[in-house]
Amino acid sequence: MEISLQQAAQLLQDGEVVGIPTETVYGLAASVEREDGIRKIFALKGRPSNNPLIVHISCLEQLKDVIVGELDNDTLALARYFWPGPLTLILPVHPAVSKFVTAGLTTVGVRIPDHPLTRELLDLTGPLVAPSANLSGSPSATSRSHVEADFGKDLPVLEGGFCQNGLESTILSRSKEGWQVGRLGAIPIDVISVVLGYEPLSCVHGSRPICPGAFYKHYAPQARLYLSSMTPYEKKMGPIVGFSNRNYPSEASFISMGSLEDPLEIARHLYATLRKLDEEQHSSAWIDVDFNATGLLATVHERLMRAASSVFHTEINQLINLI
Ligand code: TXA
Ligand code: MG
């Protein structure tokens with residue numbers, strides 16, 4: 001249900017949950033100060049309570065209510081360069097922030113989203129927690145209609161158009177050796193390396209994932225996905241999900257994610273394409289994952305591998321490393 005900015009601010013201050021647009025994906029927001037609203041997010045999504053939420057702020061001033069300590073030069077450089085934008089930094093949490101937000105961790109994920117409506121909303125409400133606005137395990141939502149498909153038309157949503165990036169924020173966390181990637185995302189790692197002056201450690205470094213979310217099934221449609229890297233195409237596998245600049249067997253029906261020459265176009269269409277498989281009631285599909293997984297396409301590749309897999313993080317990460 002489309003609502004106005006003022007209605008959204010009021011609902012959030014009253015402890016309700018509102019769908020909000022960001023430049024990455026839509027979020028399911030609640031006020032960081034309203035534990036009742038935060039609990040509703042977990043219940044609506046079916047999200048495990050040990051998976052923490054990202055806090056969204058409108059400006060650096062709002063950081064002081066969310067984290068403890070001053071930002072060091074490295075952190076400030078990242079924040080100044082990438083905010084507002086799709087970078088989440090894991091920082092020491094302020095004691096006033098609810099344990100429901102952090103799942104009891106001593107850190108909190110924070111970012112300034114780059115969407116004019118949502119920043120205006122954040123100016124009115126103060127910090128908002130927001131996971132991606134999809135049922136846990138399902139593809140993320142990049143339009144209001146995706147949010148309503150998962151949560152029903154009665155859920156209040158601030159209409160902000162289609163998401164510009166179409167992939168979630170890149171997550172960075174501090175380790176003794178420097179910044180480490182917690183989740184691949186809308187900012188490619190090579191771009192982050194340029195700003196940092198070194199390449200951050202990979203998210204598959206070590207045995208435990210940095211983000212608890214990496215333990216769970218993610219981005220998966222109901223349709224079973226066959227990976228091109230594992231099996232050649234057969235007609236019984238359903239439509240081919242691939243790229244407009246490639247040729248595929250002519251007997252297959254074809255769903256395009258865009259051209260490999262335009263990675264941003266692919267990123268923008270990724271979740272809508274995965275959702276389309278269920279909208280069109282395909283029981284399975286064959287996905288072309290044989291492309292050079294660099295830059296933004298590294299994130300697209302990782303999302304497709306997770307979408308196709310019901311196995312947990314270690315196995316998926318091994319799979320991603322092998323390719
Ligand atoms: O682009 C985005 O980041 C979107 C939009 C709405 O901002 N949000 C998003 O939230 O993707 P969510 O909840 O779908 O994914 C957040 C990820 C999860 O994997 C979670 O485990 C991790 O961030 N995370 C949150 N707080 C953390 C923390 N303190 N330490 C480590 N990982 C954390
Ligand atoms: Mg998510």
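Computed from a predicted model, the values in this text were never measured in an experiment. Atoms within each ligand, like the ligands themselves, are counted from 1 in listed order.
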For [X] and [Y], work out which heavy atoms get closest and say how close.
X	Y	value
L172	V181	CD2-CA, 4.0 Å
V66	V97	O-CG2, 3.7 Å
N134	K45	O-NZ, 2.9 Å
A103	S49	CB-O, 3.6 Å

Should you measure from each heavy atom of [X], which atoms of ligand 1 turn up under 4.0 Å away?
X	answer
A130	6 (C), 8 (N), 10 (O)
T24	1 (O), 2 (C), 4 (C), 5 (C)
I210	31 (C), 32 (N)
E168	1 (O), 2 (C), 11 (O)
V108	29 (N)
H56	5 (C), 6 (C), 7 (O)
I171	17 (C), 23 (O)
P131	10 (O), 12 (P), 13 (O)

Quick check: does I54 get an N/O under 3.5 Å from an N/O on ligand 1?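 So ligand 1 has no N or O lying under 3.5 Å from an N or O of I54.
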D150 and R275, any side-chain heavy atoms less than 4.5 Å apart: yes
Below 6.0 angstrom between ring centroids: does that apply to F100 and F42? no
Taking the six-membered ring for Trp, are Y271 and H146 ring centroids under 6.0 Å apart?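 Here the rings of H146 and Y271 have centres that are no less than 6.0 Å from each other.
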Residue-level breakdown please: for [X] versus ligand 1, do any non-hydrogen atoms fall below 4.0 Å on the side chain, on the backbone, on both, or on neither?
X	value
L105	side chain
T102	neither
H115	neither

Within one Ile-Leu-Val-Met-Phe-Trp-Tyr cluster: L12 and L28, side-chain cutoff 4.5 Å: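 Hydrophobic grouping puts L12 apart from L28.
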Closest protein heavy atom to [atom], given as residue, atom name and distance to 0.1 Å:
atom	result
atom 28 (C) of ligand 1	I90 CD1, 3.6 Å
atom 6 (C) of ligand 1	G27 CA, 3.7 Å
atom 15 (O) of ligand 1	R183 NH1, 3.1 Å
atom 9 (C) of ligand 1	S132 N, 3.7 Å
atom 29 (N) of ligand 1	T107 OG1, 3.1 Å
atom 3 (O) of ligand 1	S169 OG, 2.5 Å
atom 24 (N) of ligand 1	P52 CG, 3.8 Å
atom 18 (C) of ligand 1	N51 OD1, 3.6 Å

Charged N to carboxylate O under 4.0 angstrom, R303 versus E168? yes
How many N, O or S atoms of the protein are nearer than 2.8 Å to the Mg ion (ligand 2)? 1
Of H56, H115, R111, the residue whose pairing with T22 passes side chain to side chain donor-acceptor pair (under 3.5 Å):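 It is R111; the other options fail the test.
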CA sep, side-chain torsions, deciding dist, call: W179, D74, side-chain contact (heavy atoms from CB on, under 4.5 Å): CA-CA 9 Å; W179 288 97; D74 255 19; 3.8 Å; yes
Identify the residue among L91, T75, I90 that makes a side chain to side chain contact (heavy atoms under 4.5 Å, CB included) with R174.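 That would be T75; it is the only one of L91, T75, I90 passing the side chain to side chain contact (heavy atoms under 4.5 Å, CB included) with R174.
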Pairing residues for E2 by the salt bridge (Lys or Arg N to Asp or Glu O under 4.0 Å) criterion, not counting sequence neighbours: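 Counting only residues at least two positions away or on another chain, E2 forms a salt bridge (Lys or Arg N to Asp or Glu O under 4.0 Å) with R144.
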Check whether any heavy atom of P212 sits under 4.0 Å from an atom of ligand 1.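 So P212 counts as touching ligand 1.
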Apply side-chain contact (heavy atoms from CB on, under 4.5 Å) to Q180 and I210, showing your working. CA-CA 9 Å; Q180 180 164 8; I210 291 165; 3.3 Å; yes
